[in-house]
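In what follows, residues are counted from 1 in the order of the sequence shown. In what follows, every heavy atom counts, from backbone to side chain, and hydrogens, waters and symmetry copies are set aside. All values derive from a computational prediction rather than experimental measurement.
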Amino acid sequence: MSKFPYLRQDFAASIVVFLVAVPLCVGVAVASGVPAELGLVTGIVGGLVTGLMPGSSLQVSGPAAGLTVLVFEAVSEFGVAALGVIVLMAGLLQLAMGYFGIGRWFRAISVAVVEGMLCGIGLVIIAGQIYAAAGLKAPETGIGKIVGLPGAFTDALGSTKALTSLAIGAATVAVIVLWKKLPKKVQAVPGALAAVMLATLASLAFNLPIATVEVEGLLGVIQPPGTDAFGELAGPAIWGTIIAFALIASAESLFSAAAVDRLHDGPRTQYDKEMIAQGAGNTVCGLLGALPMTAVIVRSSANVNAGAKTKASRVLHGAWLLLFAAALPSTLALIPLPALAGILVHAGWKLIPFRQVAELWQSHKGEALILVVTAVSIVTVNMFEGVLIGLALAVIKTAWEASHLKTEVIDKGAGPIQVHLSGNATFLRLPKILDSLEALPQDRPIEVDLSGLHHLDHACRTALENWADRHSAPDIAPVKVTKPEPVNATKP
């Protein structure tokens, strides 16, 4: 036992994580438009492959609600057969980023963009899964899903079958929410699992007319990518999806790692090694034709809270998923689809950072605006472009703030007018600088002191020189410019 001093704690934690993972793996797969078993395959790889590798010892990987929207879009556009190639190439890209030390740079991504991404994903998931809970076909676009909700509720009210299905979905959400208010001993069974079990029992007991999960068997769904799928790589369209998978899966995993590190006192995450572990997992998932994986905060926090001490708990959870998928796959066919939709609605709700938006609005309105614009862009355009819009806004905001400049004009009524510039003179502030300088009288001597500048870019230097050459009237002394120290100035 000395070799595995925490085996008892890790074993108990692995059972809890397994019970949390089963409904989420199946729910994410169904919501992504692929067979339910593929979600279990990704969970198994997350435990047995990524789980064994160094990086973050306590976070758990598997199929994530945060990638549901992206996977659904990819499957709709390229087909299930191409999913393996997309995930495989994304995994290889993650391996390269980890190997070249790019993992730690993900910590530099604006938190507002990440929160906005999760918020946008959450809104699209909630809207889409309400249709699934009612047994209705959802519109393809994010904005279409939201705009079409009133019509969907009207359709559901006119159908007993749709109302029954919607009631099971709503009851599932209610059970998950209320489960946390029950005694701790009862909560040993995860709320999502309890909700699915209750929904399944109700469906069987009352013979309810609702759709259930379609089962194909574990070996039946594993489809390694063929030559046709690899042929898709010749087209540029698929590469945007591959890059989106790699970047968004990496960002989710590494932000999850930072969150999990705050939950325990054990070893801290090694970001580049964690990136390599995620890349290895996604490479294997791609070869099996399964869903992409990320580190998942729900399973990871359940792992920590259940008392896990080492990576053994997440590896064991992968082993239990494998046993379940191999021995009891037929039980999946009993699960009502609206119950899984309810789980995803709750997961989507948890992705929306209500508290963070309120806090940001009070202290950093610019960051709050980036969060909201990112979320709205994901809903109205698509996932990848929405994140790019958010990142672009964050870069513009940072550049604007970094180019802080103070212009001070001193006119004593007699003698030269003195102008002092301090801070950072970049092209972003050039209109303001020129407005101030061009407003100065041309019939007075002018001295411009640039010694207070920390940075003077080429555009500003050129514009200042041109202004100084042409500003003064013919019979007035030329503008005198005191340049910043050469160490601080940017050479033209």
Any idea which heavy atoms bring [X] and [Y] closest together, and the distance?
X: Ala65; Y: Ala347; value: CB-CB, 4.2 Å
X: Pro338; Y: Ser165; value: CB-O, 3.2 Å
X: Gly144; Y: Pro139; value: O-CG, 3.5 Å
X: Val357; Y: Ala368; value: O-CB, 4.4 Å
X: Pro336; Y: Thr200; value: CD-OG1, 3.4 Å
X: Gly281; Y: Val45; value: O-CG1, 3.5 Å

Less than 4.5 Å apart, side chain to side chain, heavy atoms only: is that true for [X] and [Y]?
X: Leu118; Y: Glu252; result: yes
X: Leu48; Y: Val315; result: yes
X: Glu73; Y: Glu77; result: no
X: Leu337; Y: Ile210; result: no
X: Leu24; Y: Val296; result: no
X: Glu367; Y: Trp361; result: no
X: Leu19; Y: Trp320; result: no
X: Pro224; Y: Leu287; result: no

(request) Go through Trp179 and Val186 one step at a time and tell me if the side-chain contact (heavy atoms from CB on, under 4.5 Å) criterion holds. (result) CA-CA 8 Å; Trp179 201 256; Val186 178; 3.6 Å; yes
To the nearest 0.5 Å, how far apart are [atom1] in [X] and [atom2] in [Y]?
X: Thr294; Y: Leu254; atom1: OG1; atom2: CG; answer: 10.0 Å
X: Leu340; Y: Thr172; atom1: CG; atom2: OG1; answer: 8.5 Å
X: Ser32; Y: Leu67; atom1: OG; atom2: CG; answer: 8.0 Å
X: Asn282; Y: Ile86; atom1: CG; atom2: CD1; answer: 12.0 Å
X: Glu37; Y: Ile44; atom1: CD; atom2: CD1; answer: 10.5 Å
X: Ile243; Y: Leu388; atom1: CD1; atom2: CG; answer: 9.5 Å

[X] atom [atom1], over 12 foreign heavy atoms within 6.0 Å:
X: Met53; atom1: CE; value: yes
X: Phe230; atom1: CZ; value: yes
X: Lys365; atom1: NZ; value: yes

Does a donor on one side chain sit under 3.5 Å from an acceptor on the other, for [X] and [Y]?
X: Glu274; Y: Gln270; answer: no
X: Gln59; Y: Asn303; answer: no
X: Thr50; Y: Gln278; answer: no
X: Ser14; Y: Ser313; answer: no

(request) Quick one: do Ile242 and Leu233 satisfy side-chain contact (heavy atoms from CB on, under 4.5 Å)? Show the steps, please. (result) CA-CA 10 Å; Ile242 289 167; Leu233 295 175; 3.7 Å; yes
Examine distances only and state if a side-chain atom of [X] and a backbone atom of [Y] form a donor-acceptor pair shorter than 3.5 Å.
X: Thr283; Y: Gly279; value: yes
X: Thr212; Y: Ala333; value: yes
X: Gln187; Y: Leu182; value: yes
X: Lys397; Y: Leu393; value: no
X: Thr68; Y: Val28; value: no
X: Lys145; Y: Gly128; value: no
X: Arg314; Y: Gly51; value: yes
X: Ser57; Y: Lys311; value: no
X: Asp10; Y: Lys309; value: yes
X: Arg268; Y: Asp261; value: yes

Hey, which of [options] is the one that makes side-chain contact (heavy atoms from CB on, under 4.5 Å) with [X]?
X: Cys285; options: Leu38, Leu83, Val87, Leu291; answer: Val87
X: Leu351; options: Leu123, Ile126, Ile125; answer: Ile125
X: Ser377; options: Thr374, Val379, Val373; answer: Val373

(request) Just do the side-chain contact (heavy atoms from CB on, under 4.5 Å) check on Gln94 and Ile276 with the steps written out, would you? (result) CA-CA 6 Å; Gln94 286 181 302; Ile276 290 171; over 6 Å; no
(request) Test side-chain contact (heavy atoms from CB on, under 4.5 Å) on Tyr271 and Met275 and set out the steps. (result) CA-CA 6 Å; Tyr271 283 85; Met275 177 78 89; over 6 Å; no
(message) Below 30° counts as parallel, above 60° as perpendicular, anything between as tilted: where do the rings of Phe324 and Phe18 land?
(response)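 Perpendicular, since the angle between the ring planes exceeds 60°.
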